[in-house]
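Let me begin by presenting the structure, written as structure tokens, before commenting on it.
All figures in this text were calculated on a predicted structure; none of them were measured in a lab.
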Amino acid sequence: MRYWIERWSQLRKKELMFYPNDFPIHDVYKKISAYEELKSGFKELHEIFTHCYEDIISNPAEMLLPTYDMNEYGYCSKEERLSREESFKYAKVLYVLGYSGELRQTGELCIEVNKLKEQCKALKITNINAFLNMLGNYGIVTEGLVNGKLKSDTNITVSYPDNKNAITALHILAVKSNSANRFKDFCRLNYKLFEGDWSTIEFGNSVDAVSDLFHSEHDRAAAQLIHNELINRKYCYNFQDWNEGPQIRYYKKEGDRNRNANASFWLVSMDTEFKLFFRIANMEKTLEYIKNCPDSVIENFMVTDSGCANRISGKCVSGISYQLNGKTIWRCGCCNPNFQVTPSADDYLYYINAVEMSGNKKK
């Protein structure tokens, strides 16, 4: 992998949600198209998104996207940030087509060019003509262009001749996610958008906002157990969004949550992988407990790191050092909580207990 756009497009592909063979679709959408037809269209749309991201990863320049070298431009550089945003480009184009158009019974979208241009400007989509032409490579046909370009005060039609149901599914998902401000659910093709009517969202307000991206049912179950346990222990929480994925942060005090400081736990989707971050300030209070945990848990506390620049300069106040099984361990805590693990449904309680035993203050 050479370019930043490849790295972020790979994540966009990984975030496309797996969907069951059967999932609920609200009756309001079944008035537009039959249940099996909508499922067929959704599956087709999923394949279009997948192929699109695969092509970006293999040849981003041909896909009209920026090619900033990862070795030349660092993380959080202007070029990296632009690449991250541009990895959403084709999803954005399909999104704006889907909610800007009027769906016809023939499975076509009729779109007023003036409205489309206005919506593209709002989403910072430039060179829309070129991207409409590129979508033709995936079977999406745009008719009504004049010399390959949008002409003001005219209409265009967008269709998918191979399976008209794909355009119907696109329209429903785009309109629903646009009205509910759930753009990333559209980008991930979250099948749960079909569950409620046009104005009802009944998901993404709990641990599923993160765990739905995990590829393992076991990880999803473990995340749910952790969330339930922390709520039972009176933790409060809020939602965050990293470049690498969504997360939930859990706090002992509402004041800390309101200030977004001192979260004890982070439940994270890290490139769709399940991670639990947690903070231990005083290892002396919890070491004896850790020593009596299962070997799989002890191993996670045996992992050391080199620390960051603050440790090298001697200015680190967040890192911790401790002895375990004859080994000196250093855990940096400057940027993130000082521990991260992938807990299972069998061992998650050991980590929660260790944190609570340690207290909130460094010795």
Side-chain angles (χ1 to χ4, degrees), residues 206-207 209-211 213-214 218-242 244-257 259-271 273-305 307-308 310-311 316-324 329-363:
S206 185
V207 69
V210 176
S211 63
L213 293 180
F214 302 157
H218 185 271
D219 286 346
R220 289 192 290 271
Q224 184 68 64
L225 289 169
I226 291 168
H227 180 78
N228 292 346
E229 181 67 25
L230 292 175
I231 298 307
N232 288 339
R233 297 192 189 201
K234 308 303 180 184
Y235 283 80
C236 51
Y237 63 93
N238 63 17
F239 298 96
Q240 304 282 328
D241 203 12
W242 266 2
E244 290 78 10
Q247 60 181 252
I248 305 175
R249 297 187 184 182
Y250 300 85
Y251 307 81
K252 264 298 188 183
K253 300 177 182 178
E254 286 193 13
D256 288 339
R257 180 185 64 182
R259 292 184 295 110
N260 195 27
N262 303 319
S264 298
F265 300 93
W266 299 5
L267 199 156
V268 176
S269 172
M270 176 69 74
D271 281 13
E273 297 295 325
F274 175 30
K275 297 292 180 184
L276 179 69
F277 287 67
F278 54 91
R279 194 182 310 277
I280 294 182
N282 188 346
M283 284 295 292
E284 294 302 318
K285 288 187 176 182
T286 195
L287 269 175
E288 286 304 314
Y289 175 77
I290 291 171
K291 290 176 183 177
N292 290 292
C293 289
D295 289 344
S296 59
V297 174
I298 295 174
E299 286 174 6
N300 282 321
F301 286 101
M302 293 289 295
V303 177
T304 190
D305 62 38
C308 65
N310 290 334
R311 186 188 185 196
C316 181
V317 296
S318 300
I320 60 172
S321 180
Y322 58 94
Q323 295 278 333
L324 182 59
I329 312 295
W330 174 270
R331 297 299 305 174
C332 184
C334 293
C335 299
N336 302 319
N338 39 28
F339 293 94
Q340 57 173 290
V341 299
T342 301
S344 72
D346 298 321
D347 65 18
Y348 71 95
L349 281 175
Y350 295 109
Y351 302 109
I352 296 176
N353 290 340
V355 170
E356 296 214 323
M357 287 179 184
S358 73
N360 298 319
K361 295 183 179 180
K362 200 170 182 179
K363 183 178 177 183

Worksheet item: Picking from Phe265, Tyr351, Trp242, what satisfies ring-ring contact (aromatic ring centres under 6.0 Å, His included) with Phe277?
Response: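 Answer to the ring-ring contact (aromatic ring centres under 6.0 Å, His included) test with Phe277 among Phe265, Tyr351, Trp242: Trp242.
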Hey, are the side chains of [X] and [Y] touching, using non-hydrogen atoms and a 4.5 Å cut-off?
| X | Y | answer |
| --- | --- | --- |
| Ile231 | Tyr237 | yes |
| Ser344 | His218 | yes |
| Asn260 | Arg249 | yes |
| Phe274 | Ser269 | no |
| Asp347 | Ser296 | yes |

Fill in: Ring-ring centroid check Tyr235 Tyr251, cutoff 6.0 Å
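Judged by ring-centre distance (under 6.0 Å), Tyr235 and Tyr251 do not meet the cut-off.
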Worksheet item: Is it true that Trp266 and Phe239 have ring centroids separated by less than 6.0 Å?
Response: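 For Trp266 and Phe239, the ring centres are not under 6.0 Å apart.
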How close do [X] and [Y] get, heavy atom to heavy atom, and via which atoms?
| X | Y | value |
| --- | --- | --- |
| Ala354 | Ile290 | CB-CG1, 4.3 Å |
| Arg257 | Cys236 | NH1-CB, 3.6 Å |
| Ile226 | Pro343 | CD1-CG, 3.6 Å |
| Trp330 | Gly319 | CZ2-CA, 3.7 Å |
| Ile280 | Ser358 | CG2-CB, 3.6 Å |
| Leu213 | Pro246 | CD1-CD, 3.5 Å |

Worksheet item: Does the Asn282 side chain pair with the main chain of Glu284, one donor and one acceptor, at a distance under 3.5 Å?
Response: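 Checked: pair present.
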Item to complete: Could you tell me whether a side-chain N or O of Asn292 sits under 3.5 Å from a main-chain N or O of Glu288, the two making a donor and an acceptor?
Response: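 Judged by distance alone, yes, a pair lies under 3.5 Å.
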Between [atom1] of [X] and [atom2] of [Y], what distance do you get to the nearest 0.5 Å?
| X | Y | atom1 | atom2 | value |
| --- | --- | --- | --- | --- |
| Thr342 | Leu276 | OG1 | CG | 9.0 Å |
| Leu267 | Tyr348 | CG | OH | 12.5 Å |
| Ser264 | Ile352 | OG | CD1 | 10.5 Å |
| Leu349 | Leu225 | CG | CG | 8.5 Å |
| Leu324 | Ile329 | CG | CD1 | 6.0 Å |
| Lys275 | Asp219 | NZ | CG | 9.5 Å |

Worksheet entry | Distance-only polar pair, side chains of Ser206 and His227, donor-acceptor under 3.5 Å |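 His227 and Ser206 do have a side-chain donor-acceptor pair below 3.5 Å.
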Discussion item. Testing the 3.5 Å rule here: is there a donor-acceptor pair between the side chains of Asn336 and Gln340?
Written reply: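 Short answer, no.
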Item to complete: Output yes when Glu356 and Lys285 qualify as a salt bridge under the 4.0 Å nitrogen-oxygen rule, no when they do not.
Response: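 Looking at Lys285 together with Glu356, the answer is no, because their closest N to O distance does not fall below 4.0 Å.
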Fill in: Geometric cation-pi criterion Arg331 and Phe339, 6.0 Å radius, 45° cone
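Judged by the rule (NZ or CZ under 6.0 Å from the ring centre, within 45° of its axis), Arg331 counts as positioned above Phe339.
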